[in-house]
Amino acid sequence: MDRIRIRGGRPLEGTIAIGGAKNAALPLMTASLLTEETLTLTNLPRLADITTLQHLLVQHGVSMTIAGSEAGEERGHVVDLTARRIASTTAPYDLVRKMRASILVLGPLVARCGHARVSLPGGCAIGTRPVDLHLKGLEKLGATIELKTGYIEASAPKGLRGAEIVFPVVSVGATENLLMAATLAEGETTLVNAAREPEVADLANCLVAMGADIEGIGTDRIRVRGVKRLHGARHRVIPDRIETGTYLMAAAITGGSIRLEGADYGSIEAVAKVLEGAGVEITAFEGGVHVRRANGQLTGVDVMTEPFPGFPTDMQAQMMALMTMAEGAAMITETIFENRFMHVPELCRMGANINVHGSSAMVRGVSRLAGAPVMATDLRASVSLVVAGLAAEGETIVNRVYHLDRGYEHLEEKLAACGADIERLVAD
Ligand code: UD1
(Lines give C-alpha, C1' and ligand atoms only; values in the text may rest on other atoms or scores of the structure.)
Protein backbone atom coordinates (compact mmCIF):
# COMPACT_ATOMS: atom_id res chain seq x y z
CA MET A 1 0.00 0.00 0.00
CA ASP A 2 1.25 3.50 -0.84
CA ARG A 3 2.39 5.80 1.95
CA ILE A 4 3.12 9.51 2.10
CA ARG A 5 6.35 10.82 3.63
CA ILE A 6 6.46 14.38 4.93
CA ARG A 7 9.42 16.20 6.42
CA GLY A 8 7.75 19.05 8.24
CA GLY A 9 8.62 22.60 9.16
CA ARG A 10 8.53 24.46 5.83
CA PRO A 11 6.11 27.39 5.45
CA LEU A 12 3.90 26.85 2.38
CA GLU A 13 4.14 29.61 -0.23
CA GLY A 14 2.51 29.64 -3.65
CA THR A 15 -0.69 28.88 -5.53
CA ILE A 16 -2.98 25.86 -5.42
CA ALA A 17 -5.81 25.19 -7.89
CA ILE A 18 -8.99 24.03 -6.17
CA GLY A 19 -10.84 21.21 -7.94
CA GLY A 20 -14.52 20.42 -8.36
CA ALA A 21 -16.31 19.32 -5.19
CA LYS A 22 -16.41 15.56 -4.64
CA ASN A 23 -19.60 15.81 -2.59
CA ALA A 24 -21.31 17.82 -5.32
CA ALA A 25 -20.04 15.61 -8.16
CA LEU A 26 -21.35 12.34 -6.66
CA PRO A 27 -25.07 13.30 -6.47
CA LEU A 28 -24.80 15.13 -9.82
CA MET A 29 -23.57 11.94 -11.45
CA THR A 30 -26.50 9.95 -10.04
CA ALA A 31 -28.88 12.59 -11.42
CA SER A 32 -27.97 11.24 -14.88
CA LEU A 33 -30.20 8.23 -14.06
CA LEU A 34 -33.25 10.51 -14.18
CA THR A 35 -33.14 11.10 -17.94
CA GLU A 36 -32.48 9.17 -21.13
CA GLU A 37 -30.65 12.21 -22.52
CA THR A 38 -27.03 13.16 -21.91
CA LEU A 39 -25.95 15.00 -18.77
CA THR A 40 -22.57 16.65 -19.28
CA LEU A 41 -20.65 17.49 -16.13
CA THR A 42 -17.61 19.73 -16.27
CA ASN A 43 -14.98 20.45 -13.61
CA LEU A 44 -15.33 16.89 -12.33
CA PRO A 45 -12.49 16.01 -9.93
CA ARG A 46 -10.30 12.96 -10.61
CA LEU A 47 -10.80 10.96 -7.44
CA ALA A 48 -11.17 7.34 -6.36
CA ASP A 49 -14.75 7.97 -5.13
CA ILE A 50 -15.72 9.31 -8.58
CA THR A 51 -14.31 6.17 -10.22
CA THR A 52 -16.19 3.97 -7.74
CA LEU A 53 -19.47 5.67 -8.63
CA GLN A 54 -18.66 5.45 -12.36
CA HIS A 55 -18.42 1.65 -11.99
CA LEU A 56 -21.78 1.53 -10.25
CA LEU A 57 -23.49 3.75 -12.83
CA VAL A 58 -22.07 1.75 -15.75
CA GLN A 59 -23.64 -1.42 -14.39
CA HIS A 60 -26.99 0.42 -14.16
CA GLY A 61 -26.63 1.07 -17.91
CA VAL A 62 -25.16 4.56 -17.98
CA SER A 63 -22.76 5.07 -20.86
CA MET A 64 -19.93 7.39 -20.04
CA THR A 65 -17.55 9.35 -22.22
CA ILE A 66 -14.70 11.11 -20.58
CA ALA A 67 -14.10 14.03 -22.90
CA GLY A 68 -10.86 15.36 -21.39
CA SER A 69 -10.54 18.89 -20.04
CA GLU A 70 -12.76 21.77 -21.05
CA ALA A 71 -11.37 24.01 -23.78
CA GLY A 72 -9.37 26.81 -22.19
CA GLU A 73 -9.78 25.12 -18.85
CA GLU A 74 -6.93 23.17 -17.28
CA ARG A 75 -8.74 21.94 -14.24
CA GLY A 76 -11.10 19.02 -13.91
CA HIS A 77 -12.51 16.93 -16.67
CA VAL A 78 -15.67 16.73 -18.68
CA VAL A 79 -17.84 13.64 -18.60
CA ASP A 80 -20.93 12.80 -20.63
CA LEU A 81 -23.33 10.49 -18.81
CA THR A 82 -26.19 8.93 -20.77
CA ALA A 83 -28.72 6.58 -19.19
CA ARG A 84 -30.67 5.84 -22.39
CA ARG A 85 -31.92 2.59 -20.90
CA ILE A 86 -31.61 1.38 -17.31
CA ALA A 87 -29.96 -2.03 -17.64
CA SER A 88 -30.27 -2.98 -13.99
CA THR A 89 -32.06 -1.46 -11.01
CA THR A 90 -29.87 -3.39 -8.56
CA ALA A 91 -26.92 -1.70 -6.87
CA PRO A 92 -24.86 -4.70 -5.71
CA TYR A 93 -23.11 -5.03 -2.37
CA ASP A 94 -19.63 -5.30 -3.90
CA LEU A 95 -19.86 -1.81 -5.39
CA VAL A 96 -22.03 -0.09 -2.76
CA ARG A 97 -19.90 -1.21 0.21
CA LYS A 98 -16.95 0.80 -1.14
CA MET A 99 -18.77 4.09 -0.81
CA ARG A 100 -21.76 5.18 1.22
CA ALA A 101 -22.80 7.84 -1.30
CA SER A 102 -23.90 4.95 -3.59
CA ILE A 103 -27.24 5.17 -1.74
CA LEU A 104 -27.88 8.23 -3.97
CA VAL A 105 -28.88 5.95 -6.86
CA LEU A 106 -31.95 4.86 -4.89
CA GLY A 107 -34.15 7.95 -5.38
CA PRO A 108 -33.43 8.39 -9.10
CA LEU A 109 -33.92 4.66 -9.88
CA VAL A 110 -37.27 4.42 -8.08
CA ALA A 111 -38.44 7.69 -9.64
CA ARG A 112 -37.56 6.59 -13.16
CA CYS A 113 -38.17 2.82 -13.09
CA GLY A 114 -40.65 2.33 -10.25
CA HIS A 115 -38.33 -0.01 -8.39
CA ALA A 116 -34.77 -0.38 -7.12
CA ARG A 117 -32.73 -2.82 -5.08
CA VAL A 118 -29.78 -1.19 -3.34
CA SER A 119 -27.39 -2.85 -0.91
CA LEU A 120 -27.24 -1.19 2.50
CA PRO A 121 -24.16 1.03 2.28
CA GLY A 122 -20.76 0.88 3.99
CA GLY A 123 -18.31 3.76 3.60
CA CYS A 124 -16.28 5.76 6.11
CA ALA A 125 -16.04 4.27 9.59
CA ILE A 126 -17.58 7.31 11.29
CA GLY A 127 -20.37 6.30 13.59
CA THR A 128 -23.38 4.23 12.70
CA ARG A 129 -24.62 6.43 9.81
CA PRO A 130 -28.13 5.10 9.20
CA VAL A 131 -30.20 5.64 6.02
CA ASP A 132 -33.62 5.69 7.72
CA LEU A 133 -34.39 9.25 6.59
CA HIS A 134 -33.85 8.32 2.93
CA LEU A 135 -36.23 5.37 3.31
CA LYS A 136 -38.94 7.15 5.33
CA GLY A 137 -38.92 9.97 2.80
CA LEU A 138 -39.38 7.56 -0.11
CA GLU A 139 -42.26 5.90 1.76
CA LYS A 140 -43.86 9.34 2.12
CA LEU A 141 -43.58 9.64 -1.66
CA GLY A 142 -45.56 6.41 -1.96
CA ALA A 143 -42.83 3.79 -2.32
CA THR A 144 -42.99 0.48 -0.49
CA ILE A 145 -39.72 -0.34 1.24
CA GLU A 146 -38.55 -3.75 2.41
CA LEU A 147 -35.20 -4.78 3.83
CA LYS A 148 -34.16 -8.23 2.62
CA THR A 149 -30.79 -9.95 3.05
CA GLY A 150 -28.84 -6.73 3.32
CA TYR A 151 -30.69 -5.04 0.47
CA ILE A 152 -33.17 -2.16 0.41
CA GLU A 153 -36.01 -3.10 -1.95
CA ALA A 154 -38.06 -0.10 -2.97
CA SER A 155 -41.01 -0.20 -5.31
CA ALA A 156 -43.58 2.25 -6.61
CA PRO A 157 -45.04 0.53 -9.68
CA LYS A 158 -47.52 3.35 -10.32
CA GLY A 159 -44.90 6.04 -9.80
CA LEU A 160 -44.12 8.34 -6.87
CA ARG A 161 -46.55 10.97 -5.55
CA GLY A 162 -45.59 14.36 -4.11
CA ALA A 163 -45.79 14.83 -0.31
CA GLU A 164 -44.52 16.97 2.52
CA ILE A 165 -41.39 15.47 4.06
CA VAL A 166 -40.19 16.91 7.36
CA PHE A 167 -36.66 15.89 8.30
CA PRO A 168 -36.16 15.48 12.07
CA VAL A 169 -32.42 16.10 11.61
CA VAL A 170 -30.62 17.77 8.74
CA SER A 171 -29.29 15.18 6.29
CA VAL A 172 -27.38 16.12 3.16
CA GLY A 173 -27.76 12.73 1.49
CA ALA A 174 -31.45 12.26 2.33
CA THR A 175 -32.24 15.77 1.04
CA GLU A 176 -30.41 15.00 -2.21
CA ASN A 177 -32.00 11.56 -2.70
CA LEU A 178 -35.53 12.85 -2.12
CA LEU A 179 -34.98 16.00 -4.15
CA MET A 180 -34.04 13.85 -7.13
CA ALA A 181 -36.94 11.45 -6.55
CA ALA A 182 -39.43 14.34 -6.24
CA THR A 183 -38.51 15.82 -9.64
CA LEU A 184 -40.35 12.96 -11.39
CA ALA A 185 -43.10 12.41 -8.78
CA GLU A 186 -46.67 13.34 -9.57
CA GLY A 187 -47.64 16.62 -7.90
CA GLU A 188 -45.85 18.78 -5.37
CA THR A 189 -43.24 17.81 -2.76
CA THR A 190 -42.01 20.03 0.05
CA LEU A 191 -38.78 19.18 1.86
CA VAL A 192 -38.86 20.81 5.28
CA ASN A 193 -35.66 21.20 7.36
CA ALA A 194 -33.76 20.39 4.17
CA ALA A 195 -29.94 20.56 4.14
CA ARG A 196 -28.64 23.94 2.93
CA GLU A 197 -25.17 22.74 1.98
CA PRO A 198 -23.84 24.28 -1.27
CA GLU A 199 -23.65 20.78 -2.77
CA VAL A 200 -27.45 20.40 -2.38
CA ALA A 201 -27.98 23.75 -4.11
CA ASP A 202 -25.59 22.70 -6.90
CA LEU A 203 -27.64 19.54 -7.47
CA ALA A 204 -30.90 21.52 -7.46
CA ASN A 205 -29.51 24.00 -10.00
CA CYS A 206 -28.45 21.15 -12.27
CA LEU A 207 -31.91 19.53 -11.95
CA VAL A 208 -33.49 22.85 -12.95
CA ALA A 209 -31.21 22.93 -16.00
CA MET A 210 -32.55 19.42 -16.75
CA GLY A 211 -36.13 20.73 -16.69
CA ALA A 212 -37.11 20.25 -13.02
CA ASP A 213 -39.38 22.77 -11.30
CA ILE A 214 -37.75 23.64 -7.95
CA GLU A 215 -38.18 26.62 -5.61
CA GLY A 216 -36.33 27.52 -2.42
CA ILE A 217 -32.90 26.40 -3.61
CA GLY A 218 -30.31 27.04 -0.88
CA THR A 219 -32.99 27.31 1.84
CA ASP A 220 -34.24 24.74 4.35
CA ARG A 221 -37.63 24.54 2.61
CA ILE A 222 -37.43 23.21 -0.93
CA ARG A 223 -40.55 22.91 -3.09
CA VAL A 224 -40.56 20.61 -6.11
CA ARG A 225 -43.36 20.33 -8.65
CA GLY A 226 -42.97 17.01 -10.41
CA VAL A 227 -42.57 16.90 -14.18
CA LYS A 228 -43.20 14.00 -16.62
CA ARG A 229 -39.61 13.85 -17.84
CA LEU A 230 -36.25 15.52 -17.52
CA HIS A 231 -33.86 16.24 -20.36
CA GLY A 232 -30.12 16.55 -20.83
CA ALA A 233 -28.04 19.51 -19.63
CA ARG A 234 -24.50 20.76 -19.20
CA HIS A 235 -23.45 21.66 -15.67
CA ARG A 236 -20.23 22.81 -14.02
CA VAL A 237 -19.44 21.27 -10.60
CA ILE A 238 -18.85 23.88 -7.85
CA PRO A 239 -15.39 24.23 -6.28
CA ASP A 240 -14.56 21.92 -3.37
CA ARG A 241 -15.02 23.87 -0.12
CA ILE A 242 -13.51 21.08 1.99
CA GLU A 243 -10.38 20.91 -0.17
CA THR A 244 -10.22 24.70 0.11
CA GLY A 245 -10.55 24.60 3.89
CA THR A 246 -7.92 21.89 4.17
CA TYR A 247 -5.33 24.04 2.37
CA LEU A 248 -6.29 27.02 4.54
CA MET A 249 -5.33 24.91 7.56
CA ALA A 250 -2.12 23.70 5.88
CA ALA A 251 -1.01 27.27 5.17
CA ALA A 252 -1.99 28.40 8.67
CA ILE A 253 -0.19 25.62 10.55
CA THR A 254 3.06 26.17 8.62
CA GLY A 255 2.95 29.97 8.93
CA GLY A 256 2.77 30.31 5.14
CA SER A 257 0.86 32.22 2.50
CA ILE A 258 -1.13 30.55 -0.32
CA ARG A 259 -3.46 31.68 -3.09
CA LEU A 260 -6.27 29.19 -3.64
CA GLU A 261 -7.32 29.67 -7.26
CA GLY A 262 -10.92 28.80 -8.04
CA ALA A 263 -11.97 28.71 -4.37
CA ASP A 264 -15.32 30.19 -3.38
CA TYR A 265 -15.15 32.40 -0.26
CA GLY A 266 -18.93 32.29 0.32
CA SER A 267 -18.85 28.53 0.88
CA ILE A 268 -16.06 28.68 3.51
CA GLU A 269 -17.15 31.74 5.42
CA ALA A 270 -17.74 29.90 8.71
CA VAL A 271 -14.27 28.33 8.50
CA ALA A 272 -12.68 31.67 7.55
CA LYS A 273 -14.29 33.42 10.54
CA VAL A 274 -13.00 30.78 12.96
CA LEU A 275 -9.51 30.95 11.45
CA GLU A 276 -9.50 34.74 11.67
CA GLY A 277 -10.26 34.36 15.38
CA ALA A 278 -7.21 32.10 15.61
CA GLY A 279 -4.94 34.71 14.02
CA VAL A 280 -5.03 33.72 10.34
CA GLU A 281 -5.68 36.30 7.61
CA ILE A 282 -8.11 35.24 4.89
CA THR A 283 -9.09 37.47 1.99
CA ALA A 284 -11.24 36.84 -1.04
CA PHE A 285 -10.05 37.99 -4.46
CA GLU A 286 -11.71 37.68 -7.86
CA GLY A 287 -11.66 33.94 -8.54
CA GLY A 288 -10.15 32.74 -5.29
CA VAL A 289 -9.10 33.07 -1.68
CA HIS A 290 -5.79 34.09 -0.14
CA VAL A 291 -4.64 32.76 3.23
CA ARG A 292 -1.68 34.04 5.23
CA ARG A 293 -0.14 33.67 8.63
CA ALA A 294 3.07 35.53 8.16
CA ASN A 295 3.68 36.57 11.76
CA GLY A 296 2.33 35.88 15.15
CA GLN A 297 1.23 32.89 17.13
CA LEU A 298 -1.98 30.95 16.50
CA THR A 299 -4.55 31.33 19.25
CA GLY A 300 -6.83 28.54 20.46
CA VAL A 301 -10.49 28.97 19.47
CA ASP A 302 -13.52 26.84 20.30
CA VAL A 303 -15.34 25.19 17.41
CA MET A 304 -18.60 23.29 17.12
CA THR A 305 -19.56 21.44 13.95
CA GLU A 306 -23.01 22.19 12.55
CA PRO A 307 -24.95 21.79 9.32
CA PHE A 308 -24.26 24.51 6.72
CA PRO A 309 -23.82 27.47 7.12
CA GLY A 310 -22.09 26.37 10.34
CA PHE A 311 -18.60 24.92 10.66
CA PRO A 312 -18.47 21.65 8.61
CA THR A 313 -17.86 18.30 10.24
CA ASP A 314 -15.60 17.49 7.27
CA MET A 315 -13.18 20.21 8.51
CA GLN A 316 -13.18 19.17 12.17
CA ALA A 317 -10.11 16.90 12.04
CA GLN A 318 -8.01 19.44 10.10
CA MET A 319 -9.03 22.20 12.54
CA MET A 320 -8.00 19.99 15.43
CA ALA A 321 -4.58 19.43 13.83
CA LEU A 322 -4.19 23.21 13.57
CA MET A 323 -5.24 23.78 17.18
CA THR A 324 -2.62 21.32 18.48
CA MET A 325 -0.05 24.08 17.88
CA ALA A 326 -2.09 27.09 19.01
CA GLU A 327 -1.42 29.11 22.12
CA GLY A 328 -3.96 28.24 24.81
CA ALA A 329 -6.78 25.75 24.59
CA ALA A 330 -9.48 24.93 22.04
CA MET A 331 -12.64 22.97 22.71
CA ILE A 332 -13.74 21.12 19.59
CA THR A 333 -17.27 19.71 19.67
CA GLU A 334 -18.59 17.30 17.05
CA THR A 335 -22.39 17.38 16.76
CA ILE A 336 -22.97 15.66 13.39
CA PHE A 337 -21.35 12.23 13.70
CA GLU A 338 -20.53 9.99 16.64
CA ASN A 339 -17.10 8.44 16.77
CA ARG A 340 -15.45 11.08 14.58
CA PHE A 341 -12.32 11.52 16.71
CA MET A 342 -10.21 8.67 15.29
CA HIS A 343 -7.44 11.14 14.48
CA VAL A 344 -7.00 12.02 18.17
CA PRO A 345 -4.75 9.11 19.23
CA GLU A 346 -2.62 9.58 16.10
CA LEU A 347 -2.21 13.33 16.70
CA CYS A 348 -1.27 12.52 20.32
CA ARG A 349 1.44 10.16 19.04
CA MET A 350 2.89 13.21 17.26
CA GLY A 351 3.04 15.08 20.58
CA ALA A 352 -0.40 16.76 20.67
CA ASN A 353 -2.19 17.23 23.99
CA ILE A 354 -5.84 16.27 23.46
CA ASN A 355 -8.45 14.88 25.85
CA VAL A 356 -11.78 13.62 24.58
CA HIS A 357 -14.92 13.87 26.75
CA GLY A 358 -17.92 12.47 24.89
CA SER A 359 -18.50 14.56 21.79
CA SER A 360 -15.95 17.24 22.76
CA ALA A 361 -12.18 17.28 22.56
CA MET A 362 -10.09 19.64 24.66
CA VAL A 363 -6.96 20.54 22.73
CA ARG A 364 -4.18 22.22 24.70
CA GLY A 365 -1.64 23.77 22.36
CA VAL A 366 1.96 22.52 22.36
CA SER A 367 4.99 24.37 21.02
CA ARG A 368 6.12 21.54 18.76
CA LEU A 369 4.87 18.35 17.13
CA ALA A 370 7.22 15.50 16.28
CA GLY A 371 6.93 13.41 13.11
CA ALA A 372 5.81 9.79 13.52
CA PRO A 373 4.37 6.91 11.50
CA VAL A 374 0.58 7.39 11.60
CA MET A 375 -2.58 6.11 9.98
CA ALA A 376 -6.26 6.88 10.03
CA THR A 377 -9.49 5.17 9.18
CA ASP A 378 -11.28 7.88 7.24
CA LEU A 379 -10.67 10.50 4.62
CA ARG A 380 -10.68 13.72 6.68
CA ALA A 381 -8.86 12.11 9.63
CA SER A 382 -6.10 11.05 7.23
CA VAL A 383 -5.67 14.52 5.80
CA SER A 384 -5.52 16.01 9.30
CA LEU A 385 -2.40 13.90 9.85
CA VAL A 386 -0.90 15.37 6.68
CA VAL A 387 -1.68 18.88 7.99
CA ALA A 388 0.02 18.05 11.31
CA GLY A 389 2.96 16.42 9.50
CA LEU A 390 3.59 19.61 7.51
CA ALA A 391 4.34 21.43 10.78
CA ALA A 392 5.95 18.58 12.74
CA GLU A 393 9.68 18.32 13.26
CA GLY A 394 11.21 15.35 11.47
CA GLU A 395 9.57 12.69 9.37
CA THR A 396 5.90 11.72 9.32
CA ILE A 397 4.78 8.68 7.35
CA VAL A 398 1.05 8.57 6.64
CA ASN A 399 -0.15 5.04 5.98
CA ARG A 400 -3.40 3.97 4.23
CA VAL A 401 -3.12 6.67 1.58
CA TYR A 402 -6.11 5.20 -0.25
CA HIS A 403 -8.31 7.22 2.11
CA LEU A 404 -6.67 10.43 0.84
CA ASP A 405 -7.07 9.36 -2.78
CA ARG A 406 -10.82 9.12 -2.23
CA GLY A 407 -11.10 12.87 -1.76
CA TYR A 408 -7.92 14.82 -2.59
CA GLU A 409 -6.66 15.17 -6.14
CA HIS A 410 -2.86 15.44 -6.49
CA LEU A 411 -2.48 16.21 -2.78
CA GLU A 412 1.28 15.71 -2.66
CA GLU A 413 1.92 17.55 -5.95
CA LYS A 414 -0.16 20.55 -4.85
CA LEU A 415 1.62 20.79 -1.49
CA ALA A 416 5.09 20.15 -2.96
CA ALA A 417 4.54 22.96 -5.48
CA CYS A 418 4.16 25.28 -2.46
CA GLY A 419 7.45 24.14 -0.97
CA ALA A 420 6.37 21.23 1.22
CA ASP A 421 8.82 18.34 1.52
CA ILE A 422 6.31 15.61 0.74
CA GLU A 423 6.37 12.52 -1.45
CA ARG A 424 4.40 9.38 -2.12
CA LEU A 425 6.20 6.14 -1.40
CA VAL A 426 4.68 3.76 -3.92
CA ALA A 427 4.23 0.17 -2.75
CA ASP A 428 6.05 -2.49 -4.78
C1 UD1 B 1 -22.60 14.06 3.59
C2 UD1 B 1 -21.19 14.18 3.05
C3 UD1 B 1 -20.19 13.98 4.18
C4 UD1 B 1 -20.48 14.97 5.30
C5 UD1 B 1 -21.94 14.90 5.73
C6 UD1 B 1 -22.33 15.98 6.74
C7 UD1 B 1 -21.41 13.38 0.77
C8 UD1 B 1 -21.11 12.32 -0.22
N9 UD1 B 1 -21.00 13.15 2.02
O10 UD1 B 1 -22.75 12.75 4.12
O11 UD1 B 1 -18.88 14.20 3.66
O12 UD1 B 1 -19.67 14.67 6.42
O13 UD1 B 1 -22.81 15.05 4.59
O14 UD1 B 1 -22.05 17.23 6.22
O15 UD1 B 1 -21.95 14.42 0.44
N16 UD1 B 1 -28.64 10.53 9.46
C17 UD1 B 1 -29.63 9.74 9.97
N18 UD1 B 1 -30.42 9.05 9.10
C19 UD1 B 1 -30.26 9.13 7.76
C20 UD1 B 1 -29.25 9.94 7.24
C21 UD1 B 1 -28.45 10.63 8.12
O22 UD1 B 1 -29.80 9.65 11.18
O23 UD1 B 1 -31.03 8.49 7.03
C24 UD1 B 1 -27.75 11.27 10.38
C25 UD1 B 1 -26.30 10.83 10.26
O26 UD1 B 1 -26.04 9.70 11.05
C27 UD1 B 1 -25.58 12.06 10.76
C28 UD1 B 1 -26.46 13.19 10.26
O29 UD1 B 1 -27.73 12.62 9.98
O30 UD1 B 1 -25.56 12.07 12.18
C31 UD1 B 1 -25.96 13.91 9.03
O32 UD1 B 1 -25.66 12.96 8.02
P33 UD1 B 1 -25.83 13.30 6.46
O34 UD1 B 1 -25.95 14.77 6.31
O35 UD1 B 1 -26.92 12.45 5.92
O36 UD1 B 1 -24.46 12.82 5.87
P37 UD1 B 1 -24.19 12.18 4.46
O38 UD1 B 1 -25.16 12.69 3.45
O39 UD1 B 1 -24.02 10.72 4.60
Side-chain angles (χ1 to χ4, degrees), residues 20-31 45 47-50 52-53 56 96 98-107 118 120-140 145 147 152 154 165-181 191 193-204 220 237-238 240-246 267-268 270-271 304-319 333-343 359 378-384 403 406-408:
K22 168 179 88 76
N23 286 353
L26 297 172
L28 286 167
M29 289 167 70
T30 64
L47 297 168
D49 273 9
I50 300 290
T52 302
L53 185 59
L56 180 61
V96 174
K98 294 188 183 155
M99 188 179 59
R100 191 186 146 78
S102 311
I103 187 77
L104 292 170
V105 301
L106 181 64
V118 177
L120 281 161
C124 270
I126 45 176
T128 39
R129 302 189 79 172
V131 290
D132 56 317
L133 301 176
H134 302 242
L135 305 187
K136 283 185 189 135
L138 276 178
E139 278 179 336
K140 272 261 176 186
I145 308 278
L147 296 181
I152 302 159
I165 299 170
V166 182
F167 296 106
V169 295
V170 176
S171 163
V172 174
T175 304
E176 292 168 341
N177 229 340
L178 296 164
L179 175 63
M180 288 190 277
L191 304 177
N193 197 25
R196 285 180 286 165
E197 268 65 5
E199 294 77 15
V200 176
D202 198 35
L203 172 65
D220 61 359
V237 180
I238 54 169
D240 196 318
R241 64 193 168 100
I242 307 301
E243 186 190 27
T244 303
T246 302
S267 67
I268 52 129
V271 175
M304 187 185 283
T305 62
E306 288 174 319
F308 193 85
F311 191 96
T313 174
D314 287 351
M315 288 298 306
Q316 180 258 106
Q318 302 89 312
M319 184 67 195
T333 305
E334 173 60 58
T335 73
I336 309 291
F337 292 111
E338 310 155 19
N339 191 22
R340 204 174 194 183
F341 284 140
M342 279 96 65
H343 41 289
S359 61
D378 83 61
L379 168 56
R380 309 302 171 183
S382 295
V383 87
S384 78
H403 287 299
R406 287 188 43 211
Y408 290 90

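Note that these values count all heavy atoms, side chains included, but never hydrogens, waters or copies made by symmetry. Whatever order the structure lists them in is the order used to number ligands and atoms, beginning at 1.
- Under 4.0 angstrom from ligand 1, the non-hydrogen atoms of R100 all belong to its side chain.
- Residue contacts with ligand 1: S171 is placed with a nitrogen or oxygen under 3.5 Å of a nitrogen or oxygen of the ligand (distance criterion only).
- When non-hydrogen atoms are compared, ligand 1 lies under 4.0 Å from the backbone of L133 as well as from its side chain.
- Contact between P312 and ligand 1 is absent, with no heavy atom of the residue lying under 4.0 Å from the ligand.
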Let me have the donor-acceptor pairs involving side chains of residues 168-175, under 3.5 Å, with sequence neighbours excluded, atom names and distances please.
unit_1 : atom_1 : unit_2 : atom_2 : d
S171   : OG     : A174   : N      : 3.0
T175   : OG1    : S171   : O      : 2.6
T175   : OG1    : A195   : N      : 3.1

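- Checking only distances, D314 does come within under 3.5 Å of ligand 1, N or O to N or O.
- Annotation: F337 places no N or O atom under 3.5 Å from an N or O atom of ligand 1; distance criterion only.
- For the side chain to side chain contact (heavy atoms under 4.5 Å, CB included) criterion with R380, the lone passing option out of H343, Q316, Q318 is Q318.
- Considering backbone and side-chain atoms together, V169 places no N or O closer than 3.5 Å to any N or O of ligand 1.
- At a 3.5 angstrom cut-off on N or O pairs, A101 does not count as close to ligand 1.
- Backbone and side-chain nitrogen or oxygen atoms of K22 are examined, and none is located within less than 3.5 angstrom of a nitrogen or oxygen of ligand 1.
- Contacts of I242 with ligand 1, taken as heavy-atom pairs under 4.0 Å, are absent altogether.
- Counting heavy atoms from C-beta outward, P312 and T305 have side chains that stay 4.5 Å or more apart.
- Within the structure, ligand 1 has R340 among the residues with a heavy atom less than 4.0 angstrom away.
- Annotation: A174 places no N or O atom under 3.5 Å from an N or O atom of ligand 1; distance criterion only.
- For the side-chain contact (heavy atoms from CB on, under 4.5 Å) test, residues two or more places apart in sequence or in another chain that qualify with A154 are L106, V110, I145.
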